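Just so it is clear, the structure is predicted and the values come from calculations on it, not from any experiment. Residue numbers begin at 1 in each chain, while the letters A, B, ... track the order of the sequences.
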Amino acid sequence: MTDEYRPQEIEPKWQKKWEEDGLYHAEIDPSKEKFYALTMLPYPSGDLHIGHWYAMTPSDARARFKRMQGKNVLFPMGFDAFGLPAENAAIQRNIHPKEWTYDNIEHMRKQLKSMGAMFDWDREAISCEPSYYRWTEWFFIQLYEHGLAYRKRAPVDWCPSCNTTLAREQVVGEDRLCERCDTPVIKKELEQWFFRITDYAEELLDFSHLDWPTQVVAMQKNWIGRSEGASVVFHTEEGDPMEVFTTRPDTLWGATFMVLAPEHPLVDKVTTEEHREEVEAYKKQAERQTQIERAAADKEKTGVFTGGYAINPVNEKRIPVWTADYVMMGYGTGAIMGVPAHDERDFNFARRYDLEVIPVIQPEGEEFDGETMEEPYIGPGLMINSGPLTGTLITEGEGHDNPGIMAVIEWLDEKGIGEKGVSYKIQDWLISRQRYWGAPIPMVYCQKCGWNPVPEDELPVLLPEDVKWLPTGESPLKLHPNWKKTTCPECGGPAERETDTMDTFMCSSWYHLRYLSPGYEKAPFKQEEYDYWMPVDTYTGGVEHATMHLIYTRFFHKALRDIGITKGPEPMLQLRNQGQILAPDRQRMSKSRGNVVPPDPLVEEYGADAVRCYLMFGYRWSEGGPWSEENIQGVVRWLHRVWDTFVNKAREGGDVDCPEKVCRDLRRKVHVTLQQVSEDYQRFEFNTVISALMELLNEMNDAVQEGVVGTAAWSEVEDYYLRMLAPAAPHIAEELWTGVLGKPYSIHEQPWPEVDEEATQKETFTLIVQVNGKLRDRIQVPVGISDQEAKEIALESEGAAPYVEDAEVRKVIVVPGRLVNIVV
RNA sequence: GGGGCGGUGGCGGAAUUGGCAGACGCAGGGGACUUAAAAUCCCCCGGUUUAUCCGUGUGGGUUCGACUCCCACCCGCCCUACCA
């Protein structure tokens with residue numbers, strides 16, 4: 001046994017032994033309570049980043065803590081292995097995406113293993129394996145057969161650089177840039193496959209079964225974007241219905257114009273010959289507008305008059321129909337009523353084009369004049385100029401929170417003009433990608449029979465290996481000479497395969513299920529595994545997935561539940577997000593900035609345990625912060641001190657008589673620490689886990705000076721210390737436990753210690769003496785002291801005396817076991 | 001514009017949920033050991049006019065007592081955005 005801590009020697013040794021012994025392999029055990037701890041799987045980009053360590057190693061520590069608490073813990077790992085970068089690498093370096101991906105996986109698996117995490121590699125799942133994507137395809141067919149997948153021609157966001165369509169979630173910012181390459185996105189009309197996630201919008205807004213961060217809940221609510229109001233049908237003068245959605249049906253009498261989105265199908269019909277040229281030009285320009293970068297500040301509303309008119313159904317008023325690009329085809333019905341007196345945008349538009357402004361909501365004590373008002377009025381008030389509903393009180397609040405609006409909707413309903421309506425921002429999930437490296441969409445098109453799914457016994461539809469890497473903009477599958485040629489499952493005649501592949505979010509929507517039985521060939525998972533392990537108890541990962549993966553996977557679970565494949569309301573009960581580790585310069589780490597901190601050299605120099613512990617200690621886990629090579633030294637020193645205490649200091653002595661008080665105090669400290677550490681692991685407060693262990697070590701070393709080594713108290717402290725340390729620093733804990741103390745292998749199979757409540761009790765405490773709330777004295781007093789005694793001690797205390805002497809004591813507050821505050 | 005999170009020493013961060021502000025660590029200063037350095041160990045470390053002092057972004061409030069609760073505001077980060 002060396003007397004010096006050498007992580008480079010002990011860490012690989014234990015990793016090898018743990019793996020040989022299958023120490024972390026999880027099996028169904030009905031006698032134990034299960035715990036499914038899931039951490040987001042990496043994309044095999046090539047190298048593990050310190051951010052992966054930050055996300056995964058504290059998650060590992062917590063999974064280990066749960067295991068020691070007696071839970072049967074499943075903590076799996078895999079690779080989200082389909083996706084664009086593999087294809088980009090293929091084009092750039094002429095290497096097959098499969099080869100690139102598998103090389104990366106092999107390398108990253110090795111890196112992951114250096115964490116010393118309790119990943120169960122027997123359950124590894126890789127989404128680009130045929131045995132995996134066979135089931136991704138199968139799920140698609142399930143959704144298709146239950147009416148949740150459909151095909152439609154739609155204007156889609158298209159990245160001209162990546163040559164692919166993008167989901168709404170992958171288009172970022174005002175400039176509408178591609179999430180991956182920052183190229184401005186353009187619109188393109190294509191036949192695409194969609195999932196009906198909007199059918200689940202309402203249910204997705206129910207977070208009552210979830211313990212998720214408020215931030216993520218807020219982001220999802222925002223993303224789903226539910227609005228309550230009314231849908232009202234206007235008609236053009238020619239009698240064509242024009243449905244609008246409004247959250248303010250109470251302002252219907254103030255509608256002085258209509259606006260259609262430029263892409264609205266009715267625009268052509270309503271436009272008069274006189275205005276056709278102008279409207280056509282505007283439409284063209286609007287289309288281009290989405291293609292060019294829009295200046296951020298330019299919010300000026302533009303539009304053109306179509307020459308057509310509509311009839312306001314509430315008062316038969318004839319109002320002009322305009323088209324303008326501030327109305328979006330993708331939200332509501334793509335048509336709005338313009339109420340300039342009570343809407344910011346409508347107001348600006350009306351003033352610019354000199355349209356009538358009629359106020360119909362009036363707060364007390366105000367009288368608006370449509371001609372002269374300088375800004376719209378958005379607030380509450382009484383309805384005026386509103387026919388039979390004049391005088392209705394409109395309060396703050398939307399939909400059913402607003403009785404006045406509800407009264408209006410009821411009236412509209414009675415008259416057959418409109419009805420209660422709900423609108424969502426969320427759109428159906430577009431899953432088609434014109435790419436090679438993804439799971440093929442298992443559909444076949446026949447001239448005679450239309451679209452049909454590939455029969456289940458023919459799955460998986462395999463990707464062809466012999467493809468050409470040309471940046472053509474078309475899917476390599478489409479260009480392949482014969483891959484798409486097949487026969488119709490219905491009539492047996494010649495047919496063609498769908499050449500698009502699926503969005504990789506489809507693969508990651510169910511990976512937590514594949515871990516349950518990764519090799520299984522009869523179904524995506526074994527039922528008994530599902531019944532035992534699901535749902536996921538704790539899910540950890542980055543907040544960047546809040547509106548994509550985390551909505552998709554909830555939808556997926558709910559859709560499969562309705563089909564009869566999954567069970568329960570939600571797939572992941574508890575979610576926790578780690579923050580982000582920044583570069584030492586406080587910038588986000590990126591290859592282009594060249595400030596990426598690679599974990600491997602750190603592991604090489606300080607050991608995995610030190611890196612793990614520093615990532616736990618140096619930050620509030622949910623916040624993150626800049627990497628600091630300076631600060632890691634504190635943790636490195638601490639681990640060396642731990643080693644020194646257990647290996648050197650504690651092996652000497654034992655012949656000195658140790659005062660009983662030292663033992664008692666040390667026992668108290670260890671049990672108080674145990675209390676805190678248990679709570680902090682539970683709450684994901686990893687920084688205070690480590691600081692508590694540092695404090696305890698400091699006290700242990702003080703006690704060693706007093707001759708505590710050799711006592712029963714010391715044995716207990718040694719034992720408990722290593723158990724508490726084991727989740728955070730699994731290697732050194734194992735070495736000291738098994739190798740130095742000679743206790744039974746493995747520490748990671750030991751139970752978590754129990755707090756001895758009695759040992760945590762103190763005999764004395766520090767009584768705080770305040771005068772008028774200011775600290776004046778601290779006095780050691782016995783624990784069970786009465787309020788009266790405490791009061792007397794405080795009044796007579798040296799520190800308080802000068803302030804109390806010539807003053808009148810008005811009141812004395814006693815907080816038992818804590819303080820006395822004298823009010824003078 | 002809307003939403004979320006946050007603001008505590010030179011730095012990372014604690015604070016039993018309304019009761020000793022600054023735990024633990026980094027950096028810094030001093031000392032011990034050493035021929036010397038590293039390592040290690042010990043001491044100091046919010047400010048100042050050194051005292052009935054000031055101090056948790058700012059200003060108010062509630063309270064015997066506020067980093068913690070309430071109101072108003074300022075700043076930073078993240079998400080989202082012509083949402084009808």
inquiry  = Say we look at B/rG10 and B/rG19: how far apart would their P atoms be, to the nearest angstrom?
reply    = 26 Å
key: Ring centroid separation A/F686 to A/W621 under 6.0 Å   = yes
inquiry  = Below the 4.0 Å mark, does B/rC11 have OP1 or OP2 next to a side-chain nitrogen or oxygen of A/S628?
reply    = no
ask   = Expressed in angstrom and rounded to an integer, what is the separation of A/R620 atom CZ from B/rC5 atom P?
value = 13 Å
query = Using a cut-off of less than 4.0 Å, is there contact between a side-chain N or O of A/T214 and OP1 or OP2 of B/rC5?
reply = yes
request  = Kindly indicate, with the supporting measurements, whether the criterion side chain to side chain contact (heavy atoms under 4.5 Å, CB included) is fulfilled by A/R588 and A/R593.
outcome  = CA-CA 9 Å; A/R588 220 172 258 193; A/R593 284 201 189 89; 3.9 Å; yes
message = Can you tell me if A/R776 touches the phosphate of B/rC64, counting only side-chain N or O atoms and a distance under 4.0 Å to OP1 or OP2?
response = no
5'-most by nearest nucleotide on RNA chain B - A/G330 or A/N687 = A/N687
message = When the C1' atoms of B/rC67 and B/rU56 are compared, how many Å lie between them, rounded to an integer?
response = 5 Å
key: Whole-angstrom distance between B/rA21 and B/rC75, as gauged at atom P   = 32 Å
query = Taking the same atom, P, in B/rG12 and in B/rG7, what whole-Å distance lies between them?
reply = 12 Å
request  = Establish, with yes or no, whether the OP1 or OP2 oxygen of B/rC54 is under 4.0 angstrom from a side-chain nitrogen or oxygen of A/K774.
outcome  = yes
Whole-Å P distance, B/rU58 and B/rC44 = 30 Å
message = Is the phosphate of B/rC64 approached by A/K811 (side-chain N or O, under 4.0 Å from OP1 or OP2)?
response = yes
ask   = When syn is taken as a glycosidic angle within 90 degrees of 0, is B/rG47 syn or anti?
value = anti
inquiry  = Between the base of B/rG19 and the side chain of A/Q770, is one N or O donor paired with an acceptor at under 3.5 angstrom?
reply    = yes
task = Kindly confirm or rule out a cation-pi arrangement of A/R641 over A/F646, judged by NZ or CZ under 6.0 Å from the six-membered ring centre and within 45° of its axis?
result = no
Residue A/N698, side-chain atoms from C-beta onward, closest of B/rG25, B/rG19, B/rG6 = B/rG25
key: Syn/anti label of B/rU17 as read from its glycosidic torsion, with the cut at 90° from 0   = syn
Of A/N821 and A/G625, the one whose closest RNA chain B nucleotide lies more 5' = A/G625
key: OP1 or OP2 of B/rC77 under 4.0 Å from side-chain N/O of A/R588   = no
inquiry  = Please tell me whether A/W322 and A/Y282 form a close aromatic pair, meaning their ring centres lie under 6.0 Å apart.
reply    = no
query = Under a 3.5 Å cut-off for both distances, is B/rU50 Watson-Crick or wobble paired, and to whom?
reply = none
Below 4.0 Å: OP1/OP2 of B/rA84 and any side-chain N or O of A/Y331 = yes
task = Please report the C-alpha distance between A/D211 and A/R576 in whole Å, then the side-chain angles of each, then the deciding distance to 0.1 Å, and finally whether the side chain to side chain contact (heavy atoms under 4.5 Å, CB included) criterion is met.
result = CA-CA 9 Å; A/D211 169 17; A/R576 290 292 180 272; 3.1 Å; yes
task = Rounded off to whole Å, could you give me the CD-to-C1' distance for the A/Q676 and B/rC24 pair?
result = 10 Å
